[in-house]
Amino acid sequence: METLEQIRGRLLARFPAAKVEMVLNPGVAAEHSLLLEAASGREIALFLRDDPALQLDYCSNATGVDWPAKETVETVKTTVPDPAGGPPKVTEEKIKRVTPGCLEAVYHLYSMALKHGPVVIRLRTANRSDQVMLPSLTPVWRSCDFQEREIYDLFGIVFEGHPDLRRLLMWDEFKDHPMRKDYVDPDDYEWEPTAHAQVLERAKAHFPAAPAAPKPEAPQS
Amino acid sequence: MIGEGSAPAPFGFAPGPSVRAVNDPFHGDLLEVSMGPQHPSTHGVFRMVATLDGETIVKLKPVFGYLHRNHEKIAENTTYLGSMPYTDRLDYLCSMTSNWAYALAVEKLAGQPVPDRAQYVRIIMAELTRIVNHACLVGFLFNDLGTSFTPLLYAFREREKIIDLFESLSGSRMMCNYQRFGGCRVDPSPEWLAAASKLVDNFPRFLDEYEQMLTGNEIMLARTQGIGRLSLTQAINGGITGPVLRASGGGYDVRKVDSYGFYPRFDFRVPIGAHGDTYDRYMMRILEMRESVKILQQAFRDIPSGSIMDPKAKLRGFRPKAGEAYGRTESPKGELGFYLISDGGPNPYRYRVRPPSLINLTLLEDMCLGHTVADSVVILGSIDIVLGEVDR
């Protein structure tokens with residue numbers, strides 16, 4: 001099989017408008033991956049499936065990864081020489097840098113026809129709150145059907161073009177996405193709160209009440 | 001948007017041949033039946049919502065999640081070794097292969113070598129597990145066909161012998177927790193190997209008897225041949241793996257393709273079906289058991305002496321370097337993979353199980369369309385699912 005660099009080169013030649021980045025894997029396995037854009041993701045996936053040299057006809061694994069915003073603090077030391085001739089002053093400045101968070105969908109592609117692989121492709125959402133749309137690859141590989149539903153369920157990525165995007169494992173009325181890193185367990189796992197004073201109190205503390213609606217005037221009696 | 005020249009045929013969700021318009025005046029209304037989650041034929045807490053036209057299935061939607069405990073989240077909050085016993089509970093009939101798949105992924109992540117003896121022991125355990133799984137599956141399949149437990153109990157008699165061996169080695173019959181990163185937990189004694197070897201040598205006799213009883217059975221042939229057909233292109237696109245894929249004619253076995261462990265040292269063949277129907281899926285299991293016996297006999301013959309754990313393997317305080325790895329194995333049900341991302345800490349940052357049972361159900365609807373309810377039970381039985389792995 002071609003190296004990932006060669007595949008990337010061919011993709012860039014074939015889709016000049018698309019952006020394809022290499023994501024290096026620093027680990028021992030060194031399975032590097034290609035980061036695709038949401039806009040051209042499905043086109044490129046189709047190309048990877050149908051290209052005669054690659055024929056990645058089998059999408060083995062599709063999964064999500066949550067990358068919350070990361071705050072890193074860097075300390076920058078600046079040395080200012082003292083004009084009076086004394087020891088130079090050292091000032092420390094702390095710079096906070098925030099790497100914006102995103103949700104990621106990872107696909108492991110293999111070729112059953114040519115028996116090679118894996119080629120790992122990734123797609124990233126713009127953020128973790130409101131722009132969580134990615135193109136669904138289910139029209140390309142049907143094996144993504146349940147797996148993308150699971151990602152939607154557990155991570156909250158919305159796959160555009162998925163034929164039947166519903167929750168897979170959690171129940172339909174469930175609100176949150178449990179595999180996110182900042183997910184907080186409910187204090188009461190029951191869907192219907194049990195009539196148990198303590199549990200209800202804890203649930204109330206956990207979910208603050210919605211602001212009260214303005215009360216209608218009390219009828220005079 | 002589709003590029004020129006690629007002439008794609010995205011596999012659509014076209015309705016099967018028997019789907020009729022709902023408001024067809026010449027036929028009665030469609031009936032929606034919910035089968036499960038507490039139904040003996042669904043092999044666990046699995047539910048199918050089937051829409052019926054008379055007795056014919058025109059739509060079928062599987063419903064999951066009754067056994068969901070978010071295994072992945074639990075594993076992300078415990079150490080690498082801490083989730084090893086939890087992998088037993090994925091596919092609770094095949095804990096040895098689940099253990100191996102997880103150990104393989106972690107070893108790939110950490111670059112951990114495995115000594116030769118452990119590689120052989122792993123193959124012995126995996127193939128014994130495959131025999132257990134396939135024998136039970138065939139028994140359960142016949143239960144679904146209505147033979148009321150007779151073949152299943154014959155299979156369970158053989159399974160009992162094998163899981164007694166597992167118990168004497170690992171301390172547990174089903175939840176073995178046997179593999180470790182860089183080897184196995186307990187070294188099998190020569191007596192254990194002799195007992196296992198004797199059992200394996202006797203196994204083909206059981207299989208002959210079993211086949212004599214079942215394979216040519218007229219009811220069996222009538223109920224399985226041509227039922228639940230799956231074409232190869234569909235199966236590949238749907239990510240179907242394992243015996244179900246091979247029954248459709250796909251020659252793809254991770255043992256051969258990835259040649260993980262010491263499988264390249266073994267001489268065995270991968271059976272491939274032609275029709276992709278329920279009967280072929282049944283035959284795949286029978287033939288794979290025979291191949292497993294061949295592998296086991298070679299393993300008992302060639303197993304070297306030596307250490308069973310890599311002396312440099314670190315169990316406590318295990319922190320692989322930051323990075324990611326996807327390790328996959330051929331479990332009895334299909335391709336079982338583990339995708340791990342490490343951030344250098346003691347817990348995996350991301351831990352993902354690629355469950356063959358769940359993904360093999362992707363095309364359940366396609367296989368069932370046009371068949372009767374009774375056939376859908378048999379088709380589901382021939383896919384071979386375990387709900388512990390489907391729902392995780």
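Chain letters run A, B, ... following the sequence lines, proteins first, then strands; residues in each count from 1.
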May I ask you to check whether over 12 heavy atoms, not counting those of R69(B), lie within 6.0 Å of atom CZ? yes
Does a side-chain heavy-atom distance below 4.5 Å link [X] with [Y]?
X       : Y       : answer
P26(A)  : K321(B) : no
L358(B) : L168(A) : yes
I341(B) : V65(A)  : yes
R142(A) : D366(B) : yes
V28(A)  : Q112(B) : no
M179(A) : E76(B)  : yes
R352(B) : H108(A) : no

Is it the case that the side chains of T63(A) and R350(B) hold a donor-acceptor pair, with the cut-off being a distance below 3.5 Å and no angle test? yes
Which bit of [X] comes within less than 4.5 Å of chain B, counting heavy atoms only: side chain, backbone, both or neither?
X       : result
E31(A)  : both
L154(A) : side chain
R166(A) : side chain
A113(A) : neither
N25(A)  : side chain
D164(A) : side chain

Geometric cation-pi criterion, R328(B) with Y110(A): 6.0 Å, 45°: yes
Hey, does the side chain of K73(B) reach the backbone of P178(A) with a donor-acceptor pair shorter than 3.5 angstrom? yes
Exam field: side chain N237(B) to backbone S143(A), donor-acceptor pair closer than 3.5 Å: no
So what's closer than 4.5 Å to chain A heavy atoms on [X]: side chain, backbone, both or neither?
X       : answer
Y339(B) : side chain
D391(B) : both
K108(B) : both

With chain A, which of P62(B), G327(B), G323(B), G250(B) has the greatest number of heavy-atom pairs at distances under 4.5 Å? G323(B)
Just so I understand: if I count every heavy-atom pair under 4.5 Å between each of R392(B), H68(B), K256(B) and chain A, which residue has the most? H68(B)
About how many Å separate NZ of K115(A) and CG of D258(B), when rounded to the nearest 0.5 Å? 11.5 Å
Nearest 0.5 Å please: distance from the CG atom of N70(B) over to the CG atom of L169(A). 8.0 Å
Which residue out of H116(A), K181(A), Q147(A), R167(A) racks up the most heavy-atom pairs below 4.5 Å with chain B? K181(A)
So which of C144(A), C59(A), G64(A), S33(A) has the biggest tally of heavy-atom pairs under 4.5 Å with chain B? G64(A)
Distance-minimising heavy-atom pair for E324(B) and A29(A): O-CB, 3.6 Å
Indicate, with yes or no, if the rings of Y349(B) and W67(A) have centres closer together than 6.0 Å. yes
Could you walk me through whether Y58(A) and T241(B) pass side chain to side chain donor-acceptor pair (under 3.5 Å), step by step? CA-CA 10 Å; Y58(A) 165 46; T241(B) 45; 4.7 Å; no
Residue among L361(B), I359(B), V390(B) satisfying side chain to side chain contact (heavy atoms under 4.5 Å, CB included) with F146(A): L361(B)
